[in-house]
Amino acid sequence: MRLKDKISLITGAASGIGAATAATFAREGAAVVVADINDEGGHRMVERIRDGGGRADFVHADIAQPKEVEAMIKFAVDRFGRLDILHNNAITASAGHIGDISLAGWQKTIDVGLTAYWYATKCAIAEMMPNKRGAIVNTASISGLGGDYMMGAYNTIKAGVINLTRTTAIEYARKGIRCNAVCPGPIATPALMGALNAQPKQISDQICQAIPMGRLGDPQEIANLVLFLASDEASYITGAYFVADGGLTAHTGMPSLFGVGPQW
Ligand SMILES: NC(=O)c1ccc[n+]([C@@H]2O[C@H](COP(=O)([O-])OP(=O)(O)OC[C@H]3O[C@@H](n4cnc5c(N)ncnc54)[C@H](O)[C@@H]3O)[C@@H](O)[C@H]2O)c1
């Protein structure tokens, strides 16, 4: 078991990447605190883990509220005795062109997707420092590495998460706390599938065409990476970000011209 006896907390663990990671952590021996605003989904996740013989508990936490972030970290420590792994993962994002995003939408995106990541990190570090060990894994995105149309607020938080990761890593490297980020490409989670299913099928077809592997990722493919970074197998890795995107960002953007001529 790769996380035997570790105590973990995952935000946004009721759905998508967070849920896949929660199930994976539990399977690998960690106790899992499932933190989410979705109480029903969070309790369902906990039941699933317990049914499989794992240890888990749910805490309702709206990470946009600093008091709820504090309570979430305290819950993990009160319930399981300490905190070894924090996976900052939940987000809310307002879409729209830069000139159209509302001030409230922008601020909410920053509150949940950036300020809350910092504040949960701050609170977790206070618990990890006395134990001289800890692993923090932040869910960033390939959207933190470049711009996307209509996603300027999201692009901004994800770029911020990558540099939050680096600074956390260098400041706490000698205190036994590692911090890394994952950068998924398009992943077939309820969030993305809900958005795609509301659009003509042509849109998801075009997205898959742009991905060299020709398909969306599966949440489990990100959970596998988070598991590695959270585990002691990644003991010399800190301040890094890891892309898992089916090759999308390896591409310069030039068209493949496949089928245009025999040499292609
Ligand atoms: N799906 C993708 O294509 C993709 C790509 C790159 C990065 N990501 C990142 O992966 C992470 C998870 O996304 P997902 O696709 O699994 O989404 P999802 O919607 O399936 O899950 C997100 C979870 O976060 C919870 N949440 C939302 N606001 C919250 C708040 N204020 N406090 C606590 N919980 C809250 C939701 O209830 C939900 O359970 C996000 O950081 C997202 O940016 C996703």
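Throughout, residue positions are numbered sequentially from 1 according to the sequence presented. Since we're looking at a predicted model, the values are computed, not measured. Whatever order the structure lists ligands and atoms in, that order sets their numbers, starting from 1.
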> Taking 4.0 angstrom as the limit, do R215 and E221 come out as a salt bridge?
Replying inline: yes
> Does a side chain donor of either D205 or Q209 reach within less than 3.5 Å of an acceptor in the other side chain?
Replying inline: no
> side chain to side chain donor-acceptor pair (under 3.5 Å) with T121: which of N88, T168, T167, N138?
Replying inline: N88
> Which residue supplies the protein heavy atom nearest to atom 22 (C) of ligand 1, what is that atom called, and how far is it?
Replying inline: G12 O, 4.3 Å
>> Could you tell me if D148 and S143 have a donor-acceptor pair between their side chains, going purely by distance under 3.5 Å?
In response: yes
> What protein heavy atom sits nearest atom 37 (O) of ligand 1, and how far off is it?
Replying inline: D36 OD1, 2.6 Å
> Counting from 1, what ligand 1 atoms have a heavy atom of Y117 closer than 4.0 Å?
Replying inline: 41 (O)
> Could a heavy atom of A140 be found less than 4.0 Å from some atom of ligand 1?
Replying inline: yes
> Got a sec: does the CZ of R48 have more than 12 other heavy atoms crowding it under 6.0 Å?
Replying inline: no
> Are R44 and E47 within salt-bridge range, i.e. N to O under 4.0 Å?
Replying inline: no
> Identify the closest protein heavy atom to atom 17 (O) of ligand 1: which residue and atom is it, and at what distance?
Replying inline: A191 CB, 3.5 Å
> Can you list the ligand 1 atoms lying under 4.0 Å from a non-hydrogen atom of P190?
Replying inline: 20 (O)
> Would you say L192 touches ligand 1, if touching means a heavy atom closer than 4.0 Å?
Replying inline: yes
>> So for A116, does at least one of its heavy atoms come nearer than 4.0 angstrom to any atom of ligand 1?
In response: no
> How far is atom 20 (O) of ligand 1 from its nearest protein heavy atom, and which residue and atom name does that atom have?
Replying inline: S15 OG, 2.6 Å
> Do I17 and I187 pass the side chain to side chain contact (heavy atoms under 4.5 Å, CB included) test, and can you show the C-alpha distance, the side-chain angles, and the key distance before you say yes or no?
Replying inline: CA-CA 8 Å; I17 290 169; I187 308 298; 4.3 Å; yes
>> Need the ligand 1 atom indices (1-based, order shown) with element for anything under 4.0 Å from a heavy-atom of D62.
In response: 30 (C), 31 (N), 32 (N)
>> Under 4.0 Å from a heavy atom of S141: which atoms of ligand 1 are those, numbered in the order shown and with their elements?
In response: 6 (C), 7 (C)
>> Which of the numbered atoms in ligand 1 are under 4.0 angstrom from any heavy atom belonging to P186?
In response: 3 (O)
>> Assess whether a salt bridge exists between D57 and R50, defined as any Lys/Arg side-chain N lying under 4.0 Å from an Asp/Glu carboxylate O.
In response: yes
>> Return the closest protein heavy atom for atom 2 (C) of ligand 1 as residue, atom name and distance.
In response: I187 N, 3.5 Å
> What protein heavy atom sits nearest atom 42 (C) of ligand 1, and how far away is it?
Replying inline: Y154 OH, 3.5 Å
> Between A61 and ligand 1, which residue portion shows a heavy-atom distance shorter than 4.0 Å: side chain, backbone, both, or neither?
Replying inline: backbone
>> Let's go through I203 and Q206 carefully: what are the C-alpha distance in whole Å and the side-chain angles of both, what is the deciding distance for side chain to side chain contact (heavy atoms under 4.5 Å, CB included) to 0.1 Å, and is it a yes or a no?
In response: CA-CA 5 Å; I203 292 188; Q206 280 194 14; 5.8 Å; no
>> Please list the nearest protein heavy atom to atom 27 (C) of ligand 1 with its residue and the distance rounded to 0.1 Å.
In response: I91 O, 3.3 Å
>> Looking at R178 and L229, would you say the former's side chain and the latter's main chain have a donor-acceptor pair under 3.5 Å?
In response: yes
> For residues S231 and E28, is any side-chain donor paired with an opposing acceptor at under 3.5 Å?
Replying inline: no
>> Less than 4.0 Å from atom 39 (O) of ligand 1, is there any heavy atom belonging to the protein?
In response: yes
>> Applying a heavy-atom cut-off of 4.0 Å, say which part of N89 lies close to ligand 1: side chain, backbone, both or neither.
In response: both
> Tell me: protein heavy atom nearest atom 44 (C) of ligand 1, and distance?
Replying inline: I17 CD1, 3.8 Å
> Hey, mind stepping through V33 and I10 against side chain to side chain contact (heavy atoms under 4.5 Å, CB included) and telling me if it holds?
Replying inline: CA-CA 6 Å; V33 174; I10 301 170; over 6 Å; no
> So, does K158 sit close enough to ligand 1 that a heavy atom of it is under 4.0 Å from the ligand?
Replying inline: yes
>> Using a 4.0 Å cut-off to any heavy atom of G16, which atoms of ligand 1 qualify?
In response: 16 (O), 20 (O)
>> I need the contact type for T92 against ligand 1. Using non-hydrogen atoms and a strict under-4.0 Å cut-off, is it side chain, backbone, both or neither?
In response: side chain
> Would L164 end up clustered with V226 when hydrophobic side chains under 4.5 Å apart are linked, directly or stepwise?
Replying inline: no
> Between I211 and H251, is a side chain to side chain contact (heavy atoms under 4.5 Å, CB included) present by the stated rule, with each step listed?
Replying inline: CA-CA 9 Å; I211 299 168; H251 184 206; over 6 Å; no
> Would you say ligand 1 has an N or O under 3.5 Å from any N or O of A90?
Replying inline: no
